[in-house]
Amino acid sequence: MSALTISPEEVKRVKGLGFLNNKGTDNFSARVLTVNGKITAAQHRCLADAAELFGNGIITFTTRLSVEVQGIPFDKIEDFRKYIAKEGLETGGTGAKIRPIVSCKGTTCQYGRLDSFKVSEEMHHRFF
């Protein structure tokens with residue numbers, strides 16, 4: 001494992017864009033925002049392709065239902081962001097104040113009492 005060669009200022013800057021440094025490397029994990037943890041099939045394919053093209057091919061999901069694409073070299077961050085933007089995806093959710101909105105599946109759950117997707121989508125659009 002090589003040592004980090006990116007300046008602390010650059011690490012902080014890209015963290016604000018949703019990229020977290022992979023320990024001891026110049027690679028980053030991209031946090032991709034979802035609305036309620038939902039993505040379309042086209043967005044899923046785009047993320048899978050982006051993970052192979054720009055990262056190490058690994059995709060994980062956070063406890064806040066964001067998608068994380070791992071192993072993206074620092075110099076490929078902007079290329080990755082442009083690539084996923086074609087499906088309406090953006091990185092973020094790593095800031096100091098706002099985190100992704102998460103809801104239960106009340107909209108489709110047989111025990112749901114309200115349209116939880118609608119409420120959380122309204123919150124997402126208001127704060128992001």
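Hydrophobic clustering (ILVMFWY, side-chain heavy atoms < 4.5 Å, transitive): V69 and V11 are in one cluster. Under the 4.5 Å side-chain contact rule for hydrophobic residues, V35 and I59 do not share a cluster. No continuous path of ILVMFWY side-chain contacts below 4.5 Å connects L33 to F117, so the two sit in separate hydrophobic clusters.
Residue L89 holds its CG atom at 7.0 Å from OG1 of T40, rounded to the nearest 0.5 Å. For the atom pair SG (C104) and CG (L114), the distance works out to 6.5 Å, reported to the nearest 0.5 Å. The OG1 atom of T91 sits 5.5 Å away from the CD1 atom of I84 when rounded to the nearest 0.5 Å. Separating the CG atom in D79 from the CD1 atom in I72 is a distance of 10.5 Å, to the nearest 0.5 Å.
Across all their heavy atoms, Q70 and N22 have their closest contact at C-OD1, 4.4 Å. The heavy-atom pair separating T60 from I58 by the smallest distance is CG2-CG2, 4.1 Å.
Under the side chain to side chain contact (heavy atoms under 4.5 Å, CB included) criterion, S120 pairs with N36, I101, S103, not counting sequence neighbours. By the side chain to side chain contact (heavy atoms under 4.5 Å, CB included) test, T5 is found to be paired with D26, residues two or more places apart in sequence or in another chain being considered. With sequence neighbours excluded, the residues satisfying side chain to side chain donor-acceptor pair (under 3.5 Å) with K38 are E121. When the ring pair (Phe, Tyr, Trp, His ring centres under 6.0 Å) test is applied to Y83, the partners found at least two apart in sequence or on another chain are F54. Not counting sequence neighbours, the partners of E10 by the salt bridge (Lys or Arg N to Asp or Glu O under 4.0 Å) test are R13. The side chain to side chain contact (heavy atoms under 4.5 Å, CB included) check on E78 picks up L17, R81, with sequence neighbours excluded. Scanning for side chain to side chain donor-acceptor pair (under 3.5 Å) contacts around N56 gives an empty result, with sequence neighbours left out. Every residue was checked against the side chain to side chain contact (heavy atoms under 4.5 Å, CB included) condition with A85, not counting sequence neighbours, and none meets it. For the side chain to side chain donor-acceptor pair (under 3.5 Å) test, no residue two or more places apart in sequence or in another chain qualifies with R45.
In this structure, F19 and F80 have perpendicular ring planes: the angle between them is above 60°, well past the 30° mark.
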Point to revise | side chain to side chain contact (heavy atoms under 4.5 Å, CB included) between L20 and K15, intermediate numbers included | key: CA-CA 6 Å; L20 303 172; K15 183 177 182 183; 3.8 Å; yes

Practice item. Check the pair N21 / I6 against side chain to side chain contact (heavy atoms under 4.5 Å, CB included), numbers first and verdict last. Key: CA-CA 10 Å; N21 182 246; I6 308 301; 5.9 Å; no

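For residues 61-71, the pairs satisfying salt bridge (Lys or Arg N to Asp or Glu O under 4.0 Å) are R31-E68, with sequence neighbours left out.
Here the side chain of D115 pairs no donor or acceptor atom with the backbone of V119 at under 3.5 angstrom. Of the possible polar contacts, one joining the T107 side chain to the S116 backbone as a donor-acceptor pair under 3.5 Å is found.
Within the 4.5 Å cutoff, side-chain heavy atoms of F61 are placed close to those of V67.
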